[in-house]
Amino acid sequence: MNEAVLSLQILRRTDQRARYGPWRDSLRGQVPALVRPLAELLPVRGWIPDFLTPTIVDTHDGADVLKGISVTPHHRIADELRTLAGHHTLPSWAGSLAHGDTDTMAALTSAMATYHHVAIAPHVQQMQSALDSDLAVRRTALAQHGVGALLLGLHPALRWEPPVLTIPSREDTDVHLAGRGLVVVPMVFCGPTPRFLPNPDDIPVLVYQLPLDPGTGPFTSPPPGRHRKAIDKILGTSRSRILHVIHTTPGLTTSELAQRADQSLASASEHATALRHAGLTTSHRDHNSVRHYATSTAASLLSERSPR
């Protein structure tokens, strides 16, 4: 849900075109009016009230996150909205939100849920794939070279002089963690420079921009046919064709599969068996025939929107 809140700022800007341009283009005319309360509350850039982006949650369920936001203490919301008013014009209903009006909070969390469904949910699988790859790199750096290598690898502007981490900032200030620790969070939707969130009421956070491969990130569409060619290279052309035929025409017998794929019966049977052993297909006996079906794993693999 934090990605959704941050992304709404980026949606209304034009910077980082190479990274976010295709995503912005895909949302033109797609964001419903129900999102307006969230858009009115958030500035186009700069600080966002912390209660909208909780640091630590015990669940990945968006509904539970929104429920947690909805029960934020009124005094905290009021304090953070006063801070926000210093650089952003608050909507007329902000006072009701600060005083704990449940209908106002419900409208805000509903806007967050609607926006997440439209702008983020279609890309969650790709974003998770990029996140998993990045975390593997960071874990390796930490395990093999220590915390310094982990921190310095996040961005060249960071400086690590144990026990002091220097982060680029417009304000020259010292923050003492005092045993609270530091949560390092990769984000798809954020600026290129790492951002420190002191979070006096929570655990401090260092946000850094999740690296995305140019032309192959979550928001870009591959050239037509490229995904199919990649699968062909992994499985081999003949086996890939068998899998595609099974996926597009479920329930074929082995002889029908061989005919559709323009392969011999023996070759089709061999490939179907290998695909079944790999968990990409299942086979079910139907009297004297065996019929073949693609699994959900195969469907995900063959999807043009699957991680690349």
Measure across [X] and [Y] and return the closest heavy-atom pair with its distance rounded to 0.1 Å.
{"X": "Ala85", "Y": "Leu90", "value": "CB-CD1, 3.8 Å"}
{"X": "Leu38", "Y": "Leu108", "value": "CA-CD1, 3.9 Å"}
{"X": "Trp23", "Y": "Ser26", "value": "O-OG, 2.7 Å"}
{"X": "Ala98", "Y": "Ile77", "value": "CA-CG2, 4.0 Å"}
{"X": "Leu34", "Y": "Pro37", "value": "O-CD, 3.3 Å"}

Enclosure of [X] [atom1] (heavy-atom neighbours >12, cutoff 6.0 Å):
{"X": "Arg138", "atom1": "CZ", "value": "yes"}
{"X": "Arg159", "atom1": "CZ", "value": "no"}
{"X": "Asp132", "atom1": "CG", "value": "yes"}
{"X": "Arg36", "atom1": "CZ", "value": "no"}

Assess whether salt bridge (Lys or Arg N to Asp or Glu O under 4.0 Å) is satisfied between Asp25 and Arg17, documenting all intermediate values. CA-CA 10 Å; Asp25 293 342; Arg17 172 70 193 175; 2.8 Å; yes
Okay, side chain of Gln9, backbone of Leu42: is any donor-acceptor separation there less than 3.5 Å?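 Between the backbone of Leu42 and the side chain of Gln9 there is no qualifying donor-acceptor contact (under 3.5 Å).
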Counting only N and O atoms by type, is there a donor-acceptor contact under 3.5 Å from the side chain of His176 to the main-chain atoms of Ala178?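 Judged by distance alone, no pair lies under 3.5 Å.
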Could you verify whether a donor N or O on one side chain and an acceptor N or O on the other, from Tyr293 and Ser283, lie under 3.5 Å apart?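 There is no such pair between these side chains.
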When you check the side-chain N and O atoms of His284 and Arg291, is any donor under 3.5 Å from an acceptor?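 Absent: no donor and acceptor within the cut-off.
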Stepwise, does the side-chain contact (heavy atoms from CB on, under 4.5 Å) test hold for Met112 with Leu52? CA-CA 9 Å; Met112 294 174 69; Leu52 292 175; 4.1 Å; yes
Glu80/Arg76 salt bridge by N-O under 4.0 Å criterion: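 A salt bridge is present here (some side-chain N lies under 4.0 Å from a carboxylate O).
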Intermediate values then yes/no, side chain to side chain donor-acceptor pair (under 3.5 Å), His292 and Thr254: CA-CA 7 Å; His292 305 280; Thr254 305; 2.8 Å; yes
Enter the distance from Arg239:CZ to Gln263:CD here, rounded to the nearest 0.5 Å.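 The CD atom of Gln263 is 9.5 Å from CZ of Arg239, to the nearest 0.5 Å.
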Evaluation steps, side-chain contact (heavy atoms from CB on, under 4.5 Å), between Ile120 and Met127: CA-CA 9 Å; Ile120 302 299; Met127 291 168 65; 4.2 Å; yes
Using the rule that two of Ile, Leu, Val, Met, Phe, Trp, Tyr join whenever any of their side-chain heavy atoms come within less than 4.5 Å, decide whether Val44 and Val207 are in one cluster.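 Cluster IDs for Val44 and Val207 differ.
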